[in-house]
There are 2 protein chains.
Amino acid sequence: MRIEDEIKQPTFRNVFQKAYINLAFTANWLQMQAAQTFKNYDLTLPQFNVLRILRGQHPNPATVNLIIERMLDKTSNASRIVDKLVAKGWVTRTQCEHDRRTVDVLITEEGLNLLKRIDECEQTLNAHMGMQHLSESEAEQLNQILDKIRG
Amino acid sequence: MRIEDEIKQPTFRNVFQKAYINLAFTANWLQMQAAQTFKNYDLTLPQFNVLRILRGQHPNPATVNLIIERMLDKTSNASRIVDKLVAKGWVTRTQCEHDRRTVDVLITEEGLNLLKRIDECEQTLNAHMGMQHLSESEAEQLNQILDKIRG
DNA sequence: ATACATTTAATGTTACAACATATTTTAATT
DNA sequence: AATTAAAATATGTTGTAACATTAAATGTAT
(Lines give C-alpha, C1' and ligand atoms only; values in the text may rest on other atoms or scores of the structure.)
Protein backbone atom coordinates (compact mmCIF):
# COMPACT_ATOMS: atom_id res chain seq x y z
CA MET A 1 0.00 0.00 0.00
CA ARG A 2 1.36 3.39 -0.93
CA ILE A 3 2.25 5.73 1.88
CA GLU A 4 -0.05 8.34 0.35
CA ASP A 5 -2.98 6.05 1.12
CA GLU A 6 -1.74 4.81 4.47
CA ILE A 7 -1.81 8.26 5.98
CA LYS A 8 -4.33 9.75 3.54
CA GLN A 9 -1.99 12.49 2.41
CA PRO A 10 -2.19 12.85 -1.36
CA THR A 11 0.95 14.91 -1.91
CA PHE A 12 4.24 15.70 -0.23
CA ARG A 13 6.48 18.71 -0.48
CA ASN A 14 9.14 16.65 -2.19
CA VAL A 15 10.42 13.14 -2.51
CA PHE A 16 12.69 13.58 0.52
CA GLN A 17 9.85 14.52 2.82
CA LYS A 18 7.89 11.59 1.48
CA ALA A 19 10.81 9.23 2.10
CA TYR A 20 11.23 10.55 5.61
CA ILE A 21 7.60 10.04 6.50
CA ASN A 22 7.53 6.69 4.78
CA LEU A 23 10.54 5.57 6.78
CA ALA A 24 9.04 6.63 10.09
CA PHE A 25 5.71 5.06 9.26
CA THR A 26 7.15 1.78 8.03
CA ALA A 27 9.52 1.39 10.96
CA ASN A 28 6.63 1.99 13.32
CA TRP A 29 4.48 -0.46 11.38
CA LEU A 30 7.09 -3.19 11.67
CA GLN A 31 7.63 -2.44 15.33
CA MET A 32 3.94 -2.76 16.12
CA GLN A 33 3.83 -6.15 14.43
CA ALA A 34 6.85 -7.40 16.30
CA ALA A 35 5.59 -6.06 19.63
CA GLN A 36 2.30 -7.89 19.08
CA THR A 37 4.14 -11.14 18.46
CA PHE A 38 6.40 -10.85 21.47
CA LYS A 39 3.51 -10.10 23.74
CA ASN A 40 2.60 -13.78 23.39
CA TYR A 41 5.86 -14.56 25.17
CA ASP A 42 5.47 -11.92 27.88
CA LEU A 43 8.29 -9.94 26.31
CA THR A 44 8.57 -6.34 25.25
CA LEU A 45 10.59 -5.49 22.18
CA PRO A 46 13.50 -3.95 24.13
CA GLN A 47 13.55 -6.97 26.42
CA PHE A 48 13.73 -9.27 23.42
CA ASN A 49 16.55 -7.28 21.92
CA VAL A 50 18.53 -7.44 25.15
CA LEU A 51 18.00 -11.19 25.35
CA ARG A 52 19.34 -11.57 21.82
CA ILE A 53 22.38 -9.50 22.66
CA LEU A 54 23.01 -11.75 25.64
CA ARG A 55 22.62 -14.86 23.53
CA GLY A 56 25.17 -13.39 21.16
CA GLN A 57 27.63 -13.17 24.04
CA HIS A 58 26.81 -16.54 25.60
CA PRO A 59 28.47 -18.27 27.35
CA ASN A 60 30.27 -15.05 28.20
CA PRO A 61 28.51 -12.42 30.29
CA ALA A 62 27.84 -8.87 29.18
CA THR A 63 28.08 -5.64 31.12
CA VAL A 64 25.27 -3.14 31.10
CA ASN A 65 27.49 -0.88 29.04
CA LEU A 66 27.96 -3.51 26.37
CA ILE A 67 24.21 -3.96 26.20
CA ILE A 68 23.70 -0.24 25.72
CA GLU A 69 26.34 -0.14 22.98
CA ARG A 70 24.51 -2.82 21.04
CA MET A 71 20.97 -1.61 21.65
CA LEU A 72 19.05 0.11 18.89
CA ASP A 73 17.69 2.77 21.20
CA LYS A 74 20.71 4.05 23.07
CA THR A 75 18.75 6.27 25.44
CA SER A 76 16.76 3.36 26.73
CA ASN A 77 17.09 2.22 30.28
CA ALA A 78 19.17 -0.91 30.07
CA SER A 79 19.54 -1.34 33.81
CA ARG A 80 15.80 -1.56 34.32
CA ILE A 81 15.30 -3.82 31.35
CA VAL A 82 17.77 -6.21 32.92
CA ASP A 83 15.74 -5.91 36.15
CA LYS A 84 12.70 -7.24 34.36
CA LEU A 85 14.58 -10.08 32.74
CA VAL A 86 16.11 -11.09 36.08
CA ALA A 87 12.66 -11.06 37.67
CA LYS A 88 11.45 -13.44 34.98
CA GLY A 89 14.41 -15.77 35.46
CA TRP A 90 15.80 -15.34 31.95
CA VAL A 91 18.94 -13.55 33.06
CA THR A 92 21.27 -13.43 36.04
CA ARG A 93 23.14 -10.39 37.29
CA THR A 94 26.25 -10.68 39.44
CA GLN A 95 28.85 -8.16 40.42
CA CYS A 96 31.99 -8.50 38.33
CA GLU A 97 35.08 -9.50 40.27
CA HIS A 98 37.70 -7.60 38.34
CA ASP A 99 35.88 -4.32 38.18
CA ARG A 100 33.34 -4.05 40.91
CA ARG A 101 31.62 -1.12 39.26
CA THR A 102 30.45 -3.37 36.47
CA VAL A 103 28.08 -6.25 36.52
CA ASP A 104 28.00 -9.58 34.71
CA VAL A 105 24.71 -10.10 32.95
CA LEU A 106 24.25 -13.66 31.74
CA ILE A 107 21.38 -15.32 29.93
CA THR A 108 20.06 -18.39 31.75
CA GLU A 109 19.10 -21.77 30.32
CA GLU A 110 15.47 -20.71 30.55
CA GLY A 111 16.32 -17.56 28.63
CA LEU A 112 18.01 -19.55 25.91
CA ASN A 113 15.06 -21.93 25.78
CA LEU A 114 12.67 -19.04 25.44
CA LEU A 115 14.58 -17.65 22.48
CA LYS A 116 14.75 -21.10 20.93
CA ARG A 117 11.02 -21.51 21.35
CA ILE A 118 10.42 -18.14 19.71
CA ASP A 119 12.78 -19.02 16.86
CA GLU A 120 10.90 -22.21 16.19
CA CYS A 121 7.39 -20.82 16.42
CA GLU A 122 8.15 -17.69 14.45
CA GLN A 123 10.29 -19.23 11.77
CA THR A 124 8.92 -17.13 8.96
CA LEU A 125 9.10 -13.98 11.00
CA ASN A 126 12.65 -14.66 11.99
CA ALA A 127 13.81 -15.71 8.56
CA HIS A 128 12.77 -12.47 6.95
CA MET A 129 12.00 -10.17 9.86
CA GLY A 130 8.83 -8.91 8.19
CA MET A 131 10.64 -8.36 4.91
CA GLN A 132 8.96 -11.20 3.03
CA HIS A 133 8.08 -9.00 0.10
CA LEU A 134 11.65 -7.97 -0.62
CA SER A 135 14.17 -9.69 -2.85
CA GLU A 136 17.71 -10.09 -1.61
CA SER A 137 18.94 -7.35 -3.88
CA GLU A 138 16.21 -5.01 -2.68
CA ALA A 139 17.19 -5.70 0.91
CA GLU A 140 20.78 -4.89 0.00
CA GLN A 141 19.74 -1.67 -1.71
CA LEU A 142 17.78 -0.74 1.38
CA ASN A 143 20.81 -1.30 3.58
CA GLN A 144 22.94 0.89 1.36
CA ILE A 145 20.42 3.70 1.32
CA LEU A 146 19.87 3.59 5.08
CA ASP A 147 23.60 3.68 5.79
CA LYS A 148 23.82 6.65 3.44
CA ILE A 149 21.07 8.51 5.28
CA ARG A 150 23.07 8.43 8.46
CA GLY A 151 26.04 9.86 6.63
CA MET B 1 28.51 4.67 8.93
CA ARG B 2 27.66 1.04 8.38
CA ILE B 3 25.05 -0.49 10.64
CA GLU B 4 27.57 -3.18 11.59
CA ASP B 5 29.67 -0.51 13.25
CA GLU B 6 26.79 1.50 14.68
CA ILE B 7 25.62 -1.36 16.88
CA LYS B 8 28.95 -3.21 16.93
CA GLN B 9 27.50 -6.37 15.49
CA PRO B 10 29.88 -7.75 12.85
CA THR B 11 27.51 -10.19 11.15
CA PHE B 12 23.79 -10.78 10.68
CA ARG B 13 21.87 -13.96 10.00
CA ASN B 14 20.97 -12.73 6.55
CA VAL B 15 20.47 -9.60 4.55
CA PHE B 16 16.82 -9.36 5.61
CA GLN B 17 17.62 -9.34 9.30
CA LYS B 18 20.25 -6.74 8.62
CA ALA B 19 17.80 -4.58 6.69
CA TYR B 20 15.23 -4.91 9.45
CA ILE B 21 17.65 -3.83 12.14
CA ASN B 22 19.04 -1.10 9.94
CA LEU B 23 15.56 0.24 9.33
CA ALA B 24 14.67 0.28 13.02
CA PHE B 25 17.97 1.87 13.94
CA THR B 26 17.87 4.53 11.25
CA ALA B 27 14.27 5.51 11.92
CA ASN B 28 15.10 5.85 15.59
CA TRP B 29 18.20 7.85 14.73
CA LEU B 30 16.22 10.30 12.63
CA GLN B 31 13.52 10.55 15.26
CA MET B 32 16.02 11.43 17.97
CA GLN B 33 17.45 14.19 15.82
CA ALA B 34 14.05 15.64 15.09
CA ALA B 35 12.94 15.40 18.72
CA GLN B 36 16.05 17.28 19.75
CA THR B 37 15.28 20.05 17.29
CA PHE B 38 11.67 20.42 18.30
CA LYS B 39 12.54 20.59 21.94
CA ASN B 40 13.84 24.08 21.20
CA TYR B 41 10.27 25.03 20.35
CA ASP B 42 8.70 23.31 23.38
CA LEU B 43 7.20 20.72 21.06
CA THR B 44 7.25 16.95 21.10
CA LEU B 45 7.38 15.10 17.82
CA PRO B 46 3.75 13.91 17.96
CA GLN B 47 2.64 17.44 18.82
CA PHE B 48 4.51 18.79 15.81
CA ASN B 49 2.96 16.18 13.56
CA VAL B 50 -0.54 17.06 14.75
CA LEU B 51 0.16 20.74 14.18
CA ARG B 52 1.22 20.01 10.63
CA ILE B 53 -1.91 17.99 10.01
CA LEU B 54 -3.97 20.91 11.25
CA ARG B 55 -2.09 23.33 9.05
CA GLY B 56 -2.85 21.04 6.14
CA GLN B 57 -6.55 21.43 6.90
CA HIS B 58 -6.49 25.14 7.63
CA PRO B 59 -8.67 27.14 7.46
CA ASN B 60 -10.94 24.14 7.92
CA PRO B 61 -11.03 22.37 11.27
CA ALA B 62 -10.20 18.73 11.80
CA THR B 63 -11.85 16.16 14.02
CA VAL B 64 -9.84 14.00 16.37
CA ASN B 65 -10.62 11.08 14.11
CA LEU B 66 -9.14 12.81 11.11
CA ILE B 67 -6.02 13.50 13.11
CA ILE B 68 -5.71 9.85 14.08
CA GLU B 69 -6.17 8.77 10.47
CA ARG B 70 -3.27 10.94 9.36
CA MET B 71 -0.97 10.28 12.27
CA LEU B 72 2.04 8.04 11.82
CA ASP B 73 1.51 6.27 15.11
CA LYS B 74 -2.13 5.30 15.11
CA THR B 75 -2.17 4.04 18.68
CA SER B 76 -1.13 7.36 20.03
CA ASN B 77 -3.41 9.40 22.17
CA ALA B 78 -4.63 12.15 19.89
CA SER B 79 -7.09 13.58 22.36
CA ARG B 80 -4.42 14.26 24.93
CA ILE B 81 -2.02 15.63 22.36
CA VAL B 82 -4.69 18.14 21.40
CA ASP B 83 -5.02 18.94 25.11
CA LYS B 84 -1.40 19.97 25.23
CA LEU B 85 -1.65 22.06 22.09
CA VAL B 86 -4.74 23.83 23.42
CA ALA B 87 -2.95 24.54 26.69
CA LYS B 88 -0.15 26.17 24.73
CA GLY B 89 -2.55 28.26 22.67
CA TRP B 90 -1.61 26.76 19.32
CA VAL B 91 -4.96 25.08 18.77
CA THR B 92 -8.61 25.57 19.66
CA ARG B 93 -11.13 22.85 20.33
CA THR B 94 -14.86 23.48 20.04
CA GLN B 95 -17.77 21.11 19.94
CA CYS B 96 -19.01 20.57 16.40
CA GLU B 97 -22.52 21.82 15.71
CA HIS B 98 -23.66 19.21 13.22
CA ASP B 99 -22.44 16.19 15.13
CA ARG B 100 -22.05 16.93 18.78
CA ARG B 101 -19.99 13.82 19.38
CA THR B 102 -17.19 15.27 17.34
CA VAL B 103 -15.02 18.23 17.95
CA ASP B 104 -13.56 20.92 15.71
CA VAL B 105 -9.84 21.22 16.20
CA LEU B 106 -8.39 24.32 14.58
CA ILE B 107 -4.87 25.67 14.47
CA THR B 108 -4.59 29.22 15.77
CA GLU B 109 -2.64 32.14 14.36
CA GLU B 110 0.02 31.53 16.98
CA GLY B 111 0.15 27.91 15.91
CA LEU B 112 0.62 28.90 12.29
CA ASN B 113 3.29 31.40 13.30
CA LEU B 114 5.12 28.75 15.28
CA LEU B 115 5.22 26.43 12.28
CA LYS B 116 6.35 29.28 10.07
CA ARG B 117 9.10 30.13 12.50
CA ILE B 118 10.23 26.51 12.56
CA ASP B 119 10.13 26.35 8.76
CA GLU B 120 12.37 29.37 8.49
CA CYS B 121 14.88 28.43 11.16
CA GLU B 122 15.14 24.81 10.10
CA GLN B 123 15.21 25.34 6.36
CA THR B 124 17.73 22.62 5.66
CA LEU B 125 16.04 20.19 7.97
CA ASN B 126 12.71 20.81 6.38
CA ALA B 127 13.96 20.75 2.82
CA HIS B 128 15.42 17.29 3.11
CA MET B 129 14.06 15.98 6.38
CA GLY B 130 17.45 14.62 7.36
CA MET B 131 17.94 13.00 3.97
CA GLN B 132 20.68 15.35 2.78
CA HIS B 133 22.92 12.52 1.69
CA LEU B 134 20.39 10.99 -0.69
CA SER B 135 19.89 11.78 -4.35
CA GLU B 136 16.35 12.17 -5.65
CA SER B 137 16.46 8.80 -7.33
CA GLU B 138 17.68 7.16 -4.15
CA ALA B 139 14.82 8.72 -2.21
CA GLU B 140 12.43 7.36 -4.81
CA GLN B 141 13.97 3.91 -4.57
CA LEU B 142 13.61 4.07 -0.82
CA ASN B 143 9.93 4.92 -1.13
CA GLN B 144 9.34 2.00 -3.45
CA ILE B 145 11.10 -0.46 -1.18
CA LEU B 146 9.32 0.75 1.94
CA ASP B 147 5.91 0.50 0.27
CA LYS B 148 6.84 -3.01 -0.79
CA ILE B 149 7.78 -4.02 2.75
CA ARG B 150 4.27 -3.24 3.94
CA GLY B 151 2.85 -5.42 1.17
C1' DA C 1 49.15 8.61 49.66
C1' DT C 2 45.68 11.98 48.80
C1' DA C 3 42.67 14.54 46.08
C1' DC C 4 40.20 14.93 42.02
C1' DA C 5 38.18 13.21 37.91
C1' DT C 6 36.07 9.49 35.41
C1' DT C 7 33.50 5.42 34.76
C1' DT C 8 29.66 2.30 35.66
C1' DA C 9 25.37 1.23 37.20
C1' DA C 10 21.29 2.20 39.79
C1' DT C 11 17.60 5.20 41.16
C1' DG C 12 14.23 9.36 41.36
C1' DT C 13 11.13 11.99 38.75
C1' DT C 14 8.19 13.54 35.14
C1' DA C 15 5.72 12.95 31.04
C1' DC C 16 3.86 10.05 27.85
C1' DA C 17 2.42 5.49 25.40
C1' DA C 18 -0.53 1.68 25.51
C1' DC C 19 -4.55 -0.28 26.71
C1' DA C 20 -9.04 -0.50 28.73
C1' DT C 21 -13.22 1.71 30.03
C1' DA C 22 -16.68 5.31 30.34
C1' DT C 23 -19.64 9.00 28.47
C1' DT C 24 -22.08 11.34 25.22
C1' DT C 25 -24.31 11.58 20.90
C1' DT C 26 -25.94 9.65 16.65
C1' DA C 27 -27.53 5.74 13.75
C1' DA C 28 -30.18 1.57 13.13
C1' DT C 29 -33.62 -1.84 14.27
C1' DT C 30 -38.02 -3.41 15.82
C1' DA D 1 -41.17 5.81 19.65
C1' DA D 2 -38.32 2.83 22.24
C1' DT D 3 -34.48 0.01 22.37
C1' DT D 4 -30.18 -1.32 20.97
C1' DA D 5 -26.01 -0.74 18.50
C1' DA D 6 -22.37 2.05 16.86
C1' DA D 7 -19.33 6.07 16.73
C1' DA D 8 -16.50 9.81 18.65
C1' DT D 9 -14.07 11.47 22.20
C1' DA D 10 -12.48 11.65 26.85
C1' DT D 11 -10.61 9.61 30.96
C1' DG D 12 -8.39 6.03 34.27
C1' DT D 13 -4.60 3.10 34.93
C1' DT D 14 -0.29 0.89 34.31
C1' DG D 15 4.16 0.58 32.57
C1' DT D 16 7.90 2.57 30.48
C1' DA D 17 10.85 6.33 28.09
C1' DA D 18 13.49 10.28 28.84
C1' DC D 19 16.22 12.87 31.59
C1' DA D 20 18.69 14.05 35.71
C1' DT D 21 20.94 12.70 39.76
C1' DT D 22 23.28 9.70 42.94
C1' DA D 23 26.51 6.16 44.67
C1' DA D 24 30.27 3.33 44.37
C1' DA D 25 34.53 1.91 42.29
C1' DT D 26 38.38 2.87 39.59
C1' DG D 27 41.78 5.73 37.27
C1' DT D 28 44.95 9.77 37.33
C1' DA D 29 47.79 13.44 38.88
C1' DT D 30 50.32 15.78 42.19
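FYI, side chains are in, hydrogens and waters are out, and symmetry mates aren't considered; it's all heavy atoms of this structure.
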*Asks:* Could you tell me how far apart B:Met71 (CE) and D:dT9 (P) are, to the nearest whole angstrom?
*Replies:* 13 Å
*Asks:* Could you list all N or O pairs between the protein and nucleotides 21-26 of chain D that sit under 3.5 Å apart?
*Replies:*
from	atom 1	to	atom 2	distance (Å)
D:dT26	OP1	A:Arg100	N	3.0

*Asks:* At a heavy-atom distance below 4.0 Å, which nucleotide of DNA chain C is the first touched by chain A, and which is the last?
*Replies:* C:dT7 to C:dC19
*Asks:* Could you name each residue pair satisfying side chain to side chain donor-acceptor pair (under 3.5 Å) that touches residues 33-42 of chain A, not counting sequence neighbours?
*Replies:* A:Tyr41-A:Glu122
*Asks:* My understanding is that only residues two or more places apart in sequence, or in another chain, count here; which of them pass side-chain hydrogen bond (donor to acceptor under 3.5 Å, both in side chains) with B:Arg100?
*Replies:* none
*Asks:* Identify, with sequence neighbours excluded, every residue that meets side-chain hydrogen bond (donor to acceptor under 3.5 Å, both in side chains) alongside B:Lys148.
*Replies:* A:Glu138
*Asks:* Main chain of A:Leu23, side chain of A:Thr26: is a donor-acceptor contact present, judged purely on distance under 3.5 Å?
*Replies:* no
*Asks:* Please tell me which of A:Thr102 and A:Asn77 maps to the more 5' nucleotide of DNA chain C, matching each residue to the nucleotide holding its nearest heavy atom.
*Replies:* A:Thr102
*Asks:* Are A:Ile21 and B:Leu45 connected into the same hydrophobic cluster when the rule is that any two of I, L, V, M, F, W, Y join if their side-chain heavy atoms are below 4.5 Å apart?
*Replies:* no
*Asks:* Taking side chain to side chain contact (heavy atoms under 4.5 Å, CB included) as the definition, give me every residue that meets it alongside B:Asn60, ordered by chain and number, with sequence neighbours left out.
*Replies:* none
*Asks:* Rounding to an integer number of Å, can you tell me how far B:Asp83 CG sits from D:dT11 P?
*Replies:* 7 Å
*Asks:* What pairs of donor and acceptor atoms, side-chain ones from residues 77-86 of chain B against any protein atom, are under 3.5 angstrom apart with sequence neighbours left out?
*Replies:*
from	atom 1	to	atom 2	distance (Å)
B:Asp83	OD1	B:Arg93	NH1	3.2
B:Asp83	OD1	B:Arg93	NH2	2.4

*Asks:* Once ring pair (Phe, Tyr, Trp, His ring centres under 6.0 Å) is applied, what residue pairs with a partner in residues 45-92 of chain A remain, sequence neighbours excluded?
*Replies:* A:Phe38-A:Phe48
*Asks:* Find the distance between CG (B:Leu146) and NZ (A:Lys18) and round it off to the nearest 0.5 Å.
*Replies:* 10.5 Å
*Asks:* Return the set of residues passing salt bridge (charged side-chain N to carboxylate O under 4.0 Å, His left out) with B:Arg150 (not counting sequence neighbours), or none when no residue passes.
*Replies:* A:Glu6, B:Asp147
*Asks:* Give the residues of residues 53-70 of chain B touching DNA chain C, defined as any heavy atom closer than 4.0 Å, sorted by residue number.
*Replies:* none
*Asks:* Let me know, please, whether B:Val82 or A:Arg80 comes out on the 5' side of the other along DNA chain D by nearest nucleotide.
*Replies:* B:Val82
*Asks:* Taking atom P of D:dA17 as reference, at what distance in whole Å does atom CG of A:Leu45 sit?
*Replies:* 10 Å
*Asks:* Using 4.0 Å as the upper bound for N to carboxylate O, is an ion pair formed by B:Asp5 and B:Arg2?
*Replies:* yes
*Asks:* Are there any protein N/O atoms within less than 3.5 Å of an N/O atom in nucleotides 14-16 of chain D, and if so, which ones and at what distance?
*Replies:*
from	atom 1	to	atom 2	distance (Å)
D:dT16	OP2	A:Lys84	NZ	2.2

*Asks:* Check whether any side-chain heavy atom of B:Leu114 lies under 4.5 Å from a side-chain heavy atom of B:Glu110, and answer yes or no.
*Replies:* no
*Asks:* Under the salt bridge (charged side-chain N to carboxylate O under 4.0 Å, His left out) definition, can you give me all pairs with a residue in residues 59-72 of chain A, not counting sequence neighbours?
*Replies:* A:Glu69-B:Lys8
